[in-house]
Amino acid sequence: MHLGPAAHRAADAEQPGLGLLGDRAAAADAVDVDAPGAGHRLGRALDRVQVDPVDGLLDGPQVGGADDLDDPLLERRPGIALRLYELAAPRPQDLFVVISNSGVNSVVVEMALHAKERGHRLLAITSRAHTAALPAVHPSGKKLADLADVAFDNAAPPGDALLPLPGGGAVCALSTLTGALLVRMTVAEAAAQLLASGDRPPVYVCANVPGGFEGNPELERRYVGRIRRTAG
């Protein structure tokens with residue numbers, strides 16, 4: 001298995017959107033992450049990437065509880081996105097990051113529509129190959145990539161898995177690897193842009209290093225009422 005070409009395609013696709021995260025952080029705004037289905041773990045990775053302010057929208061307490069998150073059809077339920085948006089109470093200057101391989105299910109398309117209708121910038125992480133292989137299912141006829149200001153291609157194939165198995169099926173999903181690469185590259189560039197403009201990146205420091213536990217409360221106070229703590 002050779003991941004080099006896919007990783008390079010994902011990295012190259014990221015270049016046009018490098019400024020979005022830095023712009024939002026410089027304005028002391030929040031980055032709201034909607035990552036249902038297969039993208040949820042990647043969304044949580046962005047939530048823990050040690051750059052605040054990141055607010056994970058698809059958390060159990062916000063959609064009704066952990067049982068709701070176990071529903072495999074959650075991302076297809078109409079109306080969930082508006083409920084999440086209203087609970088998050090974002091400001092117009094907040095950046096939205098929506099993560100979905102297929103980019104066609106109700107929650108991701110509705111969230112993208114709500115964000116754009118309310119003036120938010122929208123960054124998507126999706127699979128161009130997967131979304132091209134599927135028809136639009138939302139009544140608007142739109143897919144996630146159609147609505148994003150910048151859409152990063154994670155270079156994953158339809159279905160995500162790379163290695164076909166005899167008799168059908170496949171293993172070794174690609175999107176978590178290339179998606180994490182895109183997230184890290186974007187955060188690194190955002191930090192570089194903030195430093196170049198004379199701003200300190202609002203980073204959350206590990207509590208197990210000297211000064212980390214003492215310094216983090218000050219950062220939390222900066223975003224009080226905007227960023228929720230989640231277990232995990």
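Residue indices begin at 1 and follow the sequence shown.
Counting only distance, with no hydrogens or angles, the side chain of Lys142 and the backbone of Val109 share no donor-acceptor pair below 3.5 Å. Under the 3.5 Å distance criterion, the side-chain polar atoms of Thr131 are left unmatched by any main-chain donor or acceptor of Ser127. Within the 3.5 Å criterion, the main-chain N or O of Arg91 finds a donor-acceptor partner in the side chain of His120. A side-chain donor-acceptor contact under 3.5 Å links Asp153 to the backbone of Ala155. Without hydrogens or angle criteria, Asp149 side chain to Leu122 main chain gives a donor-acceptor distance under 3.5 Å. With hydrogens and angles disregarded, no donor-acceptor distance shorter than 3.5 Å links the side chain of Asn216 to the backbone of Ala207.
The line from CG of Leu182 to CZ of Arg184 is 11.0 Å long, rounded to the nearest 0.5 Å. Atoms OG and NZ, on Ser100 and Lys143 in that order, are 11.0 Å from each other to the nearest 0.5 Å. Within the model, atoms CG of Leu144 and CD1 of Ile99 stand 10.0 Å from one another, a figure rounded to the nearest 0.5 Å.
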Before you tell me yes or no, could you show the steps for Ile125 and Val183 under side chain to side chain contact (heavy atoms under 4.5 Å, CB included), namely the whole-Å CA-CA distance, both residues' side-chain angles and the distance that decides it to 0.1 Å?
CA-CA 9 Å; Ile125 300 177; Val183 165; 4.0 Å; yes
When you look at His138 and Leu113, which way does the side chain to side chain contact (heavy atoms under 4.5 Å, CB included) test go after all the steps?
CA-CA 11 Å; His138 191 267; Leu113 285 169; 3.4 Å; yes
Test Phe152 against Thr178 for side chain to side chain contact (heavy atoms under 4.5 Å, CB included), laying out the working first.
CA-CA 10 Å; Phe152 292 168; Thr178 53; over 6 Å; no
Run Asp160 and Ser175 through side chain to side chain donor-acceptor pair (under 3.5 Å) and show every step you take.
CA-CA 6 Å; Asp160 201 0; Ser175 66; 2.6 Å; yes
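For the pair Arg221/Pro217, a side-chain contact is recorded, criterion being any heavy-atom separation below 4.5 Å from C-beta on. Looking at heavy atoms from C-beta onward, Leu177 lies out of side-chain contact with Leu181 at the 4.5 angstrom threshold. Side-chain contact between Pro157 and Leu162 is present, with heavy atoms from C-beta onward closer than 4.5 Å. The shortest distance between side-chain heavy atoms of Arg200 and Leu194 does not fall below 4.5 Å. Between Asn154 and Leu174 the shortest side-chain heavy-atom distance does not fall below 4.5 Å.
Counting side-chain heavy-atom gaps under 4.5 Å among Ile, Leu, Val, Met, Phe, Trp and Tyr, Leu82 is found in no cluster with other residues. Applying the under-4.5 Å side-chain rule to Ile, Leu, Val, Met, Phe, Trp and Tyr, the cluster around Leu134 extends to Val104, Val137.
Annotation: cation-pi geometry satisfied between Arg118 and Tyr85 (NZ/CZ under 6.0 angstrom from ring centroid, within 45° of ring axis).
When every heavy atom of Glu110 is checked against every heavy atom of Ala81, the shortest pair comes out as CB-CB, 3.6 Å.
Remark: Ala145 pairs with Thr126, Arg128, Ala151 by the side-chain contact (heavy atoms from CB on, under 4.5 Å) rule, at least two apart or across chains.
More than 12 heavy atoms of other residues, nucleotides or ligands lie within 6.0 Å of CD in Glu117, so this atom counts as buried by the packing criterion.
Taking a cutoff of 4.0 Å between a charged side-chain nitrogen and a carboxylate oxygen, Asp94 and Arg121 do not qualify as a salt bridge.
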